[in-house]
Amino acid sequence: MSTTNAVKDPKNGVISCWVCTGVMILVDILRITMLYQKKGIIDLIFLALIVIWIAISVYETVKYVKDKKKNA
């Protein structure tokens, strides 16, 4: 998997991944509670985005912990 190195500090990169994940979950909860309609494609899209974002966050966290242990 290639990397863009957009975030120079890996710790900040991990924190920002989890913040984005939390915001995605919060937006989905607000969307469901305030604009709840029939289940549709939008629900599946939001669910897929959240699952993908959680996977990215877990991957980045594991990578950060491995690098930290390796460099310690």
Notebook entry, point to check: Does I29 share a hydrophobic cluster with V51, counting links as ILVMFWY side-chain heavy atoms below 4.5 Å and allowing steps through other members?
Noted result: no
Notebook entry, point to check: Do I41 and L47 sit in the same hydrophobic cluster, where Ile, Leu, Val, Met, Phe, Trp and Tyr count as joined when their side-chain heavy atoms come under 4.5 Å apart?
Noted result: no
Item checked: Carboxylate-amine/guanidinium proximity below 4.0 Å for R31 and D28 -> yes
Next item on the list: Check step by step if side-chain contact (heavy atoms from CB on, under 4.5 Å) holds for Y64 and K68.
Entry: CA-CA 6 Å; Y64 171 71; K68 190 174 178 181; 3.9 Å; yes
Checklist line | Cluster link I50 to W18, ILVMFWY, side chain under 4.5 Å | finding: yes
Checklist line | same_hphob_cluster(I56, I45) at 4.5 Å side-chain heavy-atom cutoff | finding: no
Check: Do V58 and I25 belong together in a cluster built from hydrophobic side chains that touch within less than 4.5 Å?
Finding: yes
Checklist line | T61 and C17: CA distance, side-chain angles, deciding distance, side-chain contact (heavy atoms from CB on, under 4.5 Å) verdict | finding: CA-CA 9 Å; T61 302; C17 276; over 6 Å; no
